[in-house]
Structure formats: C-alpha cells, structure tokens
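Just so it is clear: chains get the letters A, B, ... in the order the sequence lines come, proteins before strands, and each one is counted from 1. Atoms considered below: every heavy atom in the structure, side chains included; atoms not considered: hydrogens, waters and symmetry mates.
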2 protein chains.
Amino acid sequence: MHLDEQERRRELYRLQAMLCQVLADPTRIELIELLGEGPKAVKELAQATGQRQAKISQHLAVLRQRGLVHAQRVGTEMHYSLTDRRILDACHLTRELLLDQLLRQGELAESVLLGERG
Amino acid sequence: MHLDEQERRRELYRLQAMLCQVLADPTRIELIELLGEGPKAVKELAQATGQRQAKISQHLAVLRQRGLVHAQRVGTEMHYSLTDRRILDACHLTRELLLDQLLRQGELAESVLLGERG
DNA sequence: GCACTCTATTCGAATACGCGAATATTCTAA
DNA sequence: TTAGAATATTCGCGTATTCGAATAGAGTGC
C-alpha cells in the first residue's frame with residue numbers, strides 16, 4: 001500500500017480524530033487528570049469520580065485500547081497510569097482554550113446586557 | 001444556581017469534552033488546518049478538501065456554533081477564519097502525541113517481529 | 001475446594017453523529 | 001424580477017457511543 005502526500009495527511013487527520021474522540025468524554029478527562037497525580041487502582045478512580053466501577057472500567061478500556069494509559073496488576077488490583085504525560089498538556093491546552101471561550105462569551109453576554117440597557 | 005468546587009470542575013470537564021468532540025472529526029481538523037493559513041471561502045475549503053459543499057457547510061456550522069471559527073460575508077461568499085489561533089496549537093499538540101504513539105507502536109511491532117525471529 | 005474482593009466484559013436500549021440528497025436562502029447582475 | 005452562483009439547512013438512514021444491569025474472570029486467603 002502506497003499513499004501519496006495528501007492521502008497520508010488525511011490518514012493522519014483520521015487517526016488524530018480518533019485520538020480526540022477519546023478525549024471527548026468528561027469521565028475520561030477526569031480519569032486522565034486523576035492519573036496525572038500518579039498511578040491509581042480502579043477502585044480509587046471509581047471512588048474519586050463517584051462513578052460505578054463498571055463504567056470506570058469501560059472508560060479505562062477505551063483509554064487502554066488507544067494507548068493513553070497502561071495497566072499493571074498488583075495483587076487483585078489493577079494500577080493504571082498515563083503512558084505519556086503530554087496527554088495532560090493536551091487536556092490543559094484544550095481547557096485553556098475553553099476558558100478563554102467562556103470568557104469571550106461572558107464578555108459577549110455582558111455587552112448584550114449593556115446593549116439591552118442602553 | 002450555586003455549584004461547589006467538585007460540581008464546577010465536572011461541569012468544566014463536560015464542556016471540555018464537547019470541545020474535544022468538535023475536534024474529533026477528520027474533516028473538521030482539516031478545515032482548521034486550512035483556516036490556519038488564513039481566511040477562506042467555503043468553496044475554497046470544499047475544493048481543498050475534495051469534499052462536497054454541503055458537507056463542508058455542515059462541519060463549518062459545527063465549528064461556528066462552538067465558537068472555533070468566525071464567518072464574514074463578502075459578496076455572495078462567506079469567509080471563514082479561526083477565532084483563536086491556539087486552536088491550531090491544540091491540534092498540533094494532539095498530533096504530536098499521536099505521532100509519538102505511532103512511533104511507539106512501530107517500535108512495539110518491530111520488537112514483536114524480532115521476537116518472532118528469535 | 002470456597003468465599004471474598006477487585007476488575008472486566010457483555011447485552012440492550014437510548015441517544016448522538018455523519019453523511020448524501022434534496023431543498024432553501026442570500027446575494028449579485030442584468 | 002429573473003437567473004445564477006455561493007452557501008445553509010433539513011431530512012432520513014446507517015452507524016457509533018454511552019450507560020446501567022447483569023455476569024464473568026482473576027487473584028487472595030482460608
């Protein structure tokens with residue numbers, strides 16, 4: 001299989017979209033943030049997030065399949081950790097973007113309110 | 001409505017997930033990259049991506065609704081541009097992550113092959 | 001072996017998404 | 001006002017995702 005430049009670029013976009021899809025879930029984002037503090041067992045994660053264990057395992061499976069986290073058995077527990085701490089950077093960058101958006105929207109809302117008053 | 005610390009954080013995760021969802025489509029990523037070069041008309045974007053106009057408009061609508069791009073009418077054309085160039089940074093960071101993942105997987109594949117041979 | 005803990009998977013239903021096709025809207029020019 | 005170009009929207013279908021509920025492993029200790 002030989003791909004020309006454009007096809008290669010589009011294939012990359014496709015994979016990148018799949019990666020973003022993994023980050024497109026609030027529970028998974030929270031898991032990534034928690035694992036940013038260090039390795040944690042599933043039970044801990046379930047407790048910290050307040051979600052059912054099955055749900056956490058499901059999301060961890062997604063993160064695992066996409067290679068974002070790594071699992072290691074310790075007795076009966078599974079300890080999960082991030083495979084690459086830059087995953088956190090990506091999360092934080094998108095969060096910054098989000099906060100700026102919210103700020104802008106806030107300004108917009110404010111100006112709208114001012115406009116209504118004027 | 002008053003939210004405690006944890007609820008506020010989870011609300012932020014929810015919004016962040018929505019933002020990532022927008023980035024979780026190859027066509028939209030390509031549009032963002034193209035708009036990174038400067039403002040472009042819908043027709044140009046359709047041409048550059050090789051996709052039908054309706055599809056491009058649909059994706060632009062998503063980007064617009066989420067505030068990632070801004071549209072300006074010029075005659076009969078609509079010129080789209082990025083509202084914040086850091087959207088590009090976010091895309092590039094996730095792409096770096098992806099490339100490293102692919103590299104690691106390549107190394108893994110290589111070691112598996114070596115293992116098979118050994 | 002059995003009981004217990006921790007974790008993973010499967011299933012089904014509800015919801016959300018992406019797409020093509022068709023249609024509608026908006027502007028320009030004559 | 002009619003034609004035509006550029007863009008937007010709607011609709012319907014196939015598919016993917018998420019969740020809870022239930023169930024299945026896997027490891028430990030007795």
Side-chain angles (χ1 to χ4, degrees), chain A residues 10-11 13-32 34-35 38-82, chain B residues 10-11 13-35 38-83:
Chain A
R10 299 234 164 92
E11 173 64 9
Y13 289 154
R14 200 180 60 80
L15 294 173
Q16 187 177 349
M18 290 175 65
L19 179 57
C20 288
Q21 177 66 35
V22 175
L23 301 179
D25 181 278
T27 301
R28 288 198 288 266
I29 292 173
E30 190 171 4
L31 290 176
I32 289 171
L34 286 168
L35 293 178
K40 288 192 168 38
V42 177
K43 194 182 176 184
E44 288 181 82
L45 295 169
Q47 230 168 343
T49 59
Q51 312 267 14
R52 299 170 195 281
Q53 172 267 321
K55 182 171 168 180
I56 296 302
S57 275
Q58 284 170 355
H59 284 295
L60 285 172
V62 174
L63 292 169
R64 205 175 351 105
Q65 284 157 13
R66 298 295 200 248
L68 295 184
V69 303
H70 162 255
Q72 184 182 12
R73 183 171 279 289
V74 178
T76 73
E77 294 181 340
M78 291 295 278
H79 286 196
Y80 280 83
S81 50
L82 295 179
Chain B
R10 299 234 164 91
E11 173 64 9
Y13 290 154
R14 199 180 61 79
L15 294 173
Q16 187 177 348
M18 290 175 65
L19 178 57
C20 288
Q21 178 65 35
V22 174
L23 301 179
D25 182 277
T27 302
R28 287 197 289 263
I29 293 174
E30 189 171 4
L31 290 176
I32 288 170
E33 291 292 340
L34 286 167
L35 292 178
K40 287 190 168 38
V42 176
K43 193 182 178 185
E44 288 180 83
L45 295 168
Q47 230 168 343
T49 58
Q51 313 265 14
R52 298 170 195 281
Q53 172 266 319
K55 183 172 168 180
I56 297 301
S57 275
Q58 284 170 357
H59 284 295
L60 285 172
V62 174
L63 293 169
R64 205 174 353 105
Q65 283 157 16
R66 298 293 200 246
L68 296 184
V69 304
H70 162 255
Q72 184 181 12
R73 184 170 280 288
V74 177
T76 74
E77 295 180 340
M78 291 296 279
H79 287 196
Y80 280 84
S81 50
L82 296 179
T83 55

>> Between B:Tyr80 and D:dA8, is there a contact of a side-chain N or O with OP1 or OP2 at under 4.0 Å?
In response: yes

>> List the residues meeting side chain to side chain contact (heavy atoms under 4.5 Å, CB included) with B:Lys43, not counting sequence neighbours, and say none if there are none.
In response: none

> How long is the gap from CG on B:Leu63 to NE2 on B:His70, to the nearest 0.5 Å?
Replying inline: 14.0 Å

> Quick one, which residues of residues 52-59 of chain B touch DNA chain D with a heavy atom under 4.0 Å?
Replying inline: B:Gln53, B:Ala54, B:Ser57, B:Gln58

> When the distance from CG of B:Leu45 to P of D:dA6 is rounded to whole Å, what number comes out?
Replying inline: 14 Å

> How close or far is atom P of C:dT25 from atom CD of B:Glu77, stated in whole angstroms?
Replying inline: 22 Å

> Are side-chain N/O atoms of A:Glu77 and A:His79 paired as donor and acceptor at under 3.5 Å?
Replying inline: yes

> How long is the gap from NZ on A:Lys55 to CG on A:Leu45, to the nearest 0.5 Å?
Replying inline: 13.5 Å

> CD of B:Gln51 versus P of C:dC19: gap in Å, rounded?
Replying inline: 7 Å

>> Are the side chains of B:Leu68 and B:Leu19 in contact, using a 4.5 Å heavy-atom criterion?
In response: yes

> Atom CG of A:Leu60 to atom P of D:dT18: distance rounded to whole Å?
Replying inline: 13 Å

> Is the backbone N or O of A:Gln21 less than 3.5 Å from a side-chain atom of A:Arg28, with the two atoms forming a donor-acceptor pair by type?
Replying inline: yes

> Can any side-chain N or O of B:Arg14 pair as donor or acceptor with the backbone N or O of B:Gln16 at less than 3.5 Å?
Replying inline: no

>> Without decimals, in angstroms, what is the distance between A:Lys43 NZ and C:dA8 P?
In response: 14 Å

> Rounding to a whole Å, what distance do you find between A:Ile29:CD1 and D:dT18:P?
Replying inline: 11 Å

> Atom CG of B:Leu31 to atom C1' of C:dG18: distance rounded to whole Å?
Replying inline: 14 Å

> Per the end-axis method with five pairs at each terminus, what is the bend angle of the helix from C:dG1-D:dC30 to C:dA30-D:dT1, to 10°?
Replying inline: 20°

>> Can you tell me how far apart CD (A:Gln47) and CG (A:Leu34) are? Round to the nearest 0.5 Å.
In response: 11.5 Å

>> Quick check for you: among D:dT18, C:dT7, C:dT28, whose closest atom lies nearest to any side-chain atom of B:Thr76?
In response: C:dT28

> Pick the nucleotide of DNA chain D nearest each of B:Ala61 and A:Gln21; which residue has the one closer to the 5' end?
Replying inline: B:Ala61

> With a 4.5 Å heavy-atom cut-off, do B:Lys40 and B:Leu35 have their side chains touching?
Replying inline: yes

> Closest nucleotide of DNA chain D for A:Val74 versus for A:Asp25: which of these residues is on the 5' side?
Replying inline: A:Asp25

> Expressed in angstrom and rounded to an integer, what is the separation of A:Gln47 atom CD from C:dT7 atom C1'?
Replying inline: 15 Å

> If you check every side-chain atom of A:Arg73, which of D:dG27, C:dC27, D:dT7 has the closest atom?
Replying inline: D:dG27

